[in-house]
Every structure is written in C-alpha cells, then in structure tokens.
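Taking it in order: structure first as structure tokens, then the write-up.
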Amino acid sequence: MKKFNLKKTTKVDFATYLGVIVTFIVLFVMQNGGMLSYSMSGMLVPICCFIVMAVSLNLTVGILGELSLGHAGFVSVGAFSGIIASQSLIGVIESASLRLAIALVAGAIFAAIAGVLVGIPVLRLRGDYLAIVTLAFGEIIKDLINCLLVGIDSKGLHVLFNAKGLLTVEDLHLEEGGRVIIKGAQGATGIQTISTFTAGFILIMITLVVVLNLTRSRSGRAIMALRDNRIAAESVGINVTKYKLMAFVTSAALAGAAGALYGLNFSAVISSTFNFNISIEILLMVVFGGLGNIWGSVIAAAVIRLLPELLREFNDYRMLFYAIILILVMIATNNPTFKNMLGKLIPKKKGAEIDG
Amino acid sequence: MKRLLALMLVVVMCAAVMVSCGNKDDGNTLKIGGIGPITGSAAIYGQAVMNGCKIAVDEINANGGIGGMQIEFNFQDDANVAESSVNAYNKLMDWGMDILVGTVTTTPCISVSAKVYTDRVFALTPSASSTDVTKDKDNMFQLCFSDPNQGTGSATYIAANMADKKIAIIYRNDDAYSQGIRDTFAAEARAKNLNIVYEGTFTEDTATDFSVQLTAAKSANADLIFLPIYYQPASVILSQAKTMDYAPTFFGVDGMDGILTMENFDITLAEGVMVLTPFSSDAEDDLTKNFVKKYKELYGEVPNQFAADGYDCIYAVKAAYEKAGCTKDMTRTDLCEALVKAIKEISFDGLTGQDMTWSDKGEVNKMPIAVVIKNGDYISAEAAE
C-alpha cells in the first residue's frame with residue numbers, strides 16, 4: 001500500500017512539472033509568434049506570480065496545517081525589497097535579467113527574515129494564533145511601507161522613516177541626478193519593468209521543486225505528522241518549532257520572490273496593492289485547488305486570475321458573475337451527487353481521482 | 001496518466017481561450033477607450049468620468065462625428081487597482097483602441113502610462129493628477145491640474161489673500177493624491193513663509209473620526225484648515241468641527257468639489273468653505289448649463305468635476321484631432337504622433353477652464369478659481385469679499 005502511494009505521488013509530481021513545462025512552451029511559442037492577444041500577454045507574469053504565491057501558501061495552510069491570513073504581507077516585503085534592489089542597481093548592472101534575479105533573491109531573503117520574525121514567537125503556540133498574528137502582520141507591513149521614503153544617489157541608499165508624516169522626499173537630500181525609489185504612501189513609481197514570462201516560469205519551477213521535494217522528504221513527513229497529530233509527533237521526537245518554522249519560512253521566502261517579480265512587472269506599486277483582500281484571494285486559490293494539493297493550486301491560481309478578465313464581456317455584472325462562478329464551483333466540488341456523476345465519467349479509481 | 005491527460009486538456013482549453021480574437025477594425029469609426037473604477041471604493045469617480053465622456057461622445061456623434069467618423073466609446077473597469085488597469089488597457093488594445101481617455105485614478109494611471117508610452121497610443125487622463133503620470137512620457141497628457149499645481153496654487157492664493165493665518169493641514173497619508181498635494185503645499189508654504197502650526201494625518205481605515213486632529217488643530221490655534229482630501233472625509237471633518245464649536249476657514253482643492261451634492265449632507269455645514277476648483281456646476285455659461293441639464297436628465301444627479309473632466313477630455317481629443325488634420329487611414333502610431341504635436345498647439349475652451357493649453361511635460365495650463373460656498377452655492381472668492 002505504501003509503495004503504491006509513493007509511486008502515485010511521484011507520478012503526480014512529474015505530471016505537474018510536465019504540465020507546467022508544456023503550458024509554458026505552448027504559451028511562449030504563441031507569444032513570440034504574435035498569436036496571443038494583448039490582454040493575455042499582459043496577464044502572463046501576474047498569473048505566474050500568483051501561482052507561486054498560492055503554491056507557497058499551500059505549504060503553510062495545506063501541508064503544515066496552520067492558517068495564515070497575511071500572505072500578502074510577505075509578498076509586499078518581497079515586492080518592495082525587490083524594487084529597491086533592482087532600482088538601485090540601475091546603471092551598476094547592465095543586464096536586466098541579472099538585476100531581476102538579484103531582486104528576486106533579495107525579495108526572498110527579506111520575506112524570509114520577516115517570516116522568521118513572525119514565526120518564532122507564534123509557531124510555538126497552539127490554536128489560531130498564527131492566523132491572528134499574520135493578519136496583523138499584513139496590515140502592519142502596509143502601514144510601515146506607507147511611512148518609508150527611499151532614494152538613491154552616488155553616495156548610496158538614503159532611507160527615512162516618516163512615522164509622523166511630516167517628511168517629504170526633499171528631506172532625503174538626494175544629490176543632483178539621484179532617484180527616489182519609494183515615496184511613502186505614493187508608493188514606488190518609475191519602476192523599470194523587467195519581469196518576463198520566462199522568469200515567471202523559472203520561478204514556478206523552482207517553487208514546485210522546492211515545495212514538492214520538501215513535502216516528499218523526511219522533513220516533509222515530519223511537517224505533515226505535526227499537522228495530523230502534534231502530540232503523537234512530539235512523542236516520537238519531532239522538533240515542533242523547527243519543522244513548523246521550516247515550512248513557514250520557506251513559504252514566506254517563495255512569496256517574497258513572487259512579490260518581487262510582481263512588483264517589477266508594473267511601473268507603479270503602492271503598499272495598499274497588497275492588502276487583506278489579496279491575502280484572502282491567495283487563500284481562496286489554495287482552498288479552491290484543494291488543501292495540500294500542489295497542482296490544484298497551480299490551476300486554481302491561473303483560473304481565479306483569468307476569470308475576472310474573461311468576464312469583462314459582462315460589463316457591470318462582471319464581479320457578480322465572478323462570485324457566482326466561484327460559489328458554484330465550491331458547491332459542485334463538494335457535492336456527492338456531482339462527484340458521483342464525475343466519477344461515472346471517469347470509471348477507474350474514481351475516489352482517488354476526484355479527491356486528488 | 002489520466003491526470004496528465006486532464007492537464008493537457010486544460011492546456012488546450014486555455015490556449016483556445018487565449019488566442020487573440022482578431023481585430024475587426026473597418027476604419028469607419030474612431031475607437032476611443034476609457035479606463036476607470038466602476039466598482040470598488042473609488043467607483044463614483046470612474047462612473048462620473050464615464051457618464052461625462054458618454055454625453056460628449058453622443059453629442060459629437062449626433063453632429064457628424066470627428067473627421068467624418070463616428071466615435072465608438074468603450075469604458076473598462078479597473079476597480080482602482082493597477083494590475084486590473086493594465087489588464088483593462090490590454091483588453092482595449094485587443095479591441096482596437098485608437099485613443100485612450102484615462103485612466104481616472106492616479107496609481108493605476110502611472111502603470112498604464114508606461115504601457116501607453118511603449119505602445120505609442122495617445123492618452124489624455126481626465127483626473128490622474130500626479131506628475132509621475134506624465135513624467136518622461138511624451139504622449140501622455142493630463143486634463144486636470146497636476147498635484148504640484150494644486151498645492152502651490154493653494155499656497156500662493158493663501159499667501160496673497162490670508163498670509164497671516166495660522167494654518168493646519170489634515171490629509172490622508174496613504175493616498176497618493178492627498179499626500180502629493182500636501183507635499184507641494186507644504187514646500188510652497190515654507191517658501192512663502194506661511195505659518196503651518198499643525199499637520200494631522202489619517203488613512204482609509206480611520207476616515208470616520210477626526211476629533212483627535214481637530215482638537216489638536218484647535219489647541220494649536222489654527223484659524224485656517226487646509227484639506228487636500230476628497231469630500232467624504234471632508235464632510236465628516238466639517239460636521240465634527242461644528243459640534244466642537246470650532247470654526248476656522250476650511251480650504252479645499254478639487255477633491256472637495258461635490259460636497260454640496262453629497263447625499264444626506266447638511267449644506268449649512270459647508271458655509272464659508274473655500275474651494276480651489278476648475279469646475280462649478282452652478283456656473284452661468286451655456287456650456288455648463290447645457291451639460292448639467294443633460295447630465296441630470298440622463299443620470300439623475302448633479303455632475304461633479306470628474307464628469308466635467310471626462311466631457312472635456314473627449315472634446316479636447318476632438319480639437320486636437322481636427323487641428324492635426326488626421327484622417328481615417330492613419331495608424332494608431334501615426335495618430336499618436338500627430339495628436340501629440342497638435343495638442344500642444346491648441347487652446348481649448350471647456351467646462352473646466354478657458355484657454356487651456358498643454359505643455360511639453362503633458363501638464364495642462366488653466367486657471368484654478370477660488371470659490372466660496374455661500375447659502376449652498378459656489379460664488380467666486382472675489383465676489384464674496
């Protein structure tokens with residue numbers, strides 16, 4: 001039984017990789033051949049970012065079994081640190097792809113640091129504390145970035161913390177030719193948009209490799225043991241804080257990298273872009289795709305991002321249809337009658353197929 | 001393998017959806033796109049601009065269109081989110097947009113303007129007021145005052161007319177519009193030696209109670225409160241100041257416009273409020289009267305400044321188009337270059353100002369008018385004295 005399960009998960013994993021690679025190749029060829037519409041090419045990078053965010057949140061919510069309501073906070077940290085890194089390296093590093101790579105790494109590192117800071121005290125507790133603290137974290141990050149003034153000139157980075165709201169960009173005292181990177185509530189503007197679809201694809205692949213390998217490894221089994229029964233796991237000597245932190249920080253770091261990619265795809269980003277609604281949207285993708293189901297998150301993220309755009313034909317009723325479709329899908333996938341019907345369409349292994 | 005098959009099917013389905021639908025442009029219409037928030041917290045601004053634009057489009061079409069072409073107008077929602085705004089823009093590009101009127105709000109507009117610049121589409125925003133919107137983009141123009149113009153304009157006006165007042169500022173520090181005007185106002189006020197005694201901030205989440213800021217302003221003996229904010233929070237400030245028996249002069253900018261038409265607002269509270277605005281719905285000229293009448297008929301409310309901005313945008317595009325002598329067969333890029341050149345040469349009379357001209361930086365040049373609210377009406381500040 002165990003052997004069979006193992007083989008099946010490996011098969012699913014490889015199918016996931018293959019699906020992503022094939023989708024990428026098809027889209028890439030279509031994009032280069034000019035066969036993609038403007039709106040579709042414009043959505044490719046954001047969708048890649050949200051896939052990474054959803055997969056990384058699935059690590060916390062589905063595999064670690066802790067509810068996190070502040071994933072957008074980590075995305076935000078990643079986005080703004082990535083923007084600062086990339087913008088300050090303009091002129092220093094000519095290659096845009098190299099700058100993008102550095103920005104993604106910077107985003108991941110800073111988000112990981114934030115993850116450690118949030119995780120160490122909270123993951124020691126039992127219950128819903130992580131949900132409460134991450135919710136607060138997301139809001140705090142938003143307000144902190146609202147107070148941040150960052151500029152760069154030949155002397156290096158200038159950072160001011162504008163807690164009282166009395167300072168302006170003039171107080172940065174930039175030299176002639178200096179650039180302002182973040183203007184508090186006005187956010188980061190004039191960003192060089194260097195994100196590419198290929199970078200998004202590479203990031204998705206890295207995320208899948210990291211998350212899937214972590215899940216299938218010894219540490220991953222320890223993490224899932226904690227989710228299923230904490231006391232039993234502790235009794236066989238699993239270090240609770242260590243493994244919880246491992247999953248949580250990995251999730252935060254990947255979210256940070258996704259944030260950096262997202263931030264560098266737009267020429268203006270403000271802190272309220274990454275608000276509570278985004279956290280919930282990412283959580284929705286995870287729930288939609290199935291808790292702990294990685295390929296489910298990938299597809300759910302793509303569908304949930306595409307849906308509002310595909311519904312533009314409905315004009316004023318767009319968001320109404322969006323909500324109705326989500327509700328219907330949720331009901332349908334949890335409906336025994338519907339499941340049976342679907343099971344009949346796919347005769348063999350019906351239970352396993354649908355439950356994923 | 002079934003999953004593999006399922007995945008492949010999903011891929012094929014997605015691909016089918018994604019292939020561009022082709023651009024059915026027969027060349028007999030001029031396609032003007034608009035982008036703004038129709039849903040979400042900023043929806044009233046997008047709605048107003050859309051309605052204003054539609055009135056102008058219908059008028060022009062009824063009179064034979066532009067250069068013999070009828071205008072086709074397509075307004076897309078962005079919910080005041082940069083990403084949706086770029087998506088909406090791409091959607092309009094698929095539709096075959098020739099000219100963009102938008103976007104309505106500042107942050108989405110900055111993102112869209114970068115796309116507009118690389119794609120070479122002529123764009124005129126009715127109301128995105130930050131300088132970042134037009135910065136380094138030769139084909140992006142503003143119809144509204146830019147933030148620095150409003151901030152310095154207000155400071156200049158106060159310095160000229162009420163230099164000895166003690167000034168308090170209450171602004172929203174998580175909003176690019178409010179923060180932008182406050183920054184330029186504060187800088188100009190320092191240069192003009194105005195006396196700023198207090199600055200209070202609020203955010204979207206704390207826009208329901210201003211007793212702290214008002215008490216602080218009162219204890220600092222401020223007798224003029226500068227409010228570079230939209231009218232909803234301003235209405236709360238006015239009513240709370242009234243209950244505190246605190247009656248300084250309130251001074252607002254274009255976002256304050258609309259306060260008199262706000263539902264359930266006691267207009268006596270706004271008595272004596274000064275507003276620096278480009279548009280007043282009570283103006284006596286025929287253009288305004290006609291517009292207000294049509295707007296009321298069609299949408300059942302008094303148009304605010306955003307509606308007027310939208311209306312003016314369409315006519316400004318028409319004026320530039322005719323000045324440049326554009327023709328039907330011009331491509332989007334050619335049209336863009338011709339309009340960029342022409343808009344700087346025209347002098348345009350609209351609802352929101354006379355003799356508007358545009359600079360190389362894309363900013364509009366028009367005179368802000370200081371008005372005072374007296375008996376529920378706007379009257380010019382000079383007449384009130």
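Chain naming here is simple, since letters A, B, ... match the order of the sequence lines and numbering starts at 1 in each.
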Honestly, the part of B:D132 sitting under 4.5 Å from a heavy atom of chain A is side chain
Under a 3.5 Å distance rule, please check whether A:S37 uses its side chain to pair with a backbone N or O of B:K91 as donor and acceptor.
no
Heavy-atom nearest pair, A:F266 first then B:S111, reads CB-OG, 3.7 Å
Got more than 12 heavy atoms from elsewhere within 6.0 Å of NZ, B:K137?
yes
One should read off an interatomic distance between A:T273 OG1 and B:E83 CD, to the nearest 0.5 angstrom, of 9.5 Å
Per-residue tally against chain A (heavy atom, under 4.5 Å) across B:A186, B:G180, B:A79, B:C109 peaks at B:G180
One should read off an interatomic distance between A:Q186 CD and B:S178 OG, to the nearest 0.5 angstrom, of 9.5 Å
With A:Y38 as partner, the option from B:N87, B:L92, B:V86, B:D119 fulfilling side-chain contact (heavy atoms from CB on, under 4.5 Å) is B:D119
Residues 104-114 of chain B vs salt bridge (Lys or Arg N to Asp or Glu O under 4.0 Å), sequence neighbours excluded, gives none
Open item on the list: Any non-hydrogen side-chain atom of B:D183 less than 4.5 Å from a side-chain atom of A:K183?
Closed with: no
Has A:F197 got more than 12 heavy atoms of other residues, nucleotides or ligands less than 6.0 Å from its CZ? yes
One should read off an interatomic distance between B:K135 NZ and A:S267 OG, to the nearest 0.5 angstrom, of 11.5 Å
With B:I110 as partner, the option from A:I270, A:I191, A:V269, A:T189 fulfilling side-chain contact (heavy atoms from CB on, under 4.5 Å) is A:T189
The reported gap from CG in B:D94 to CE in A:M40 (rounded to nearest 0.5 angstrom) is 9.0 Å
So CG of A:D143 and OG1 of B:T203: to nearest 0.5 Å the spacing works out to 6.5 Å
Heaviest contributor of heavy-atom pairs below 4.5 Å to chain B, chosen from A:T193, A:V303, A:N146, is A:N146
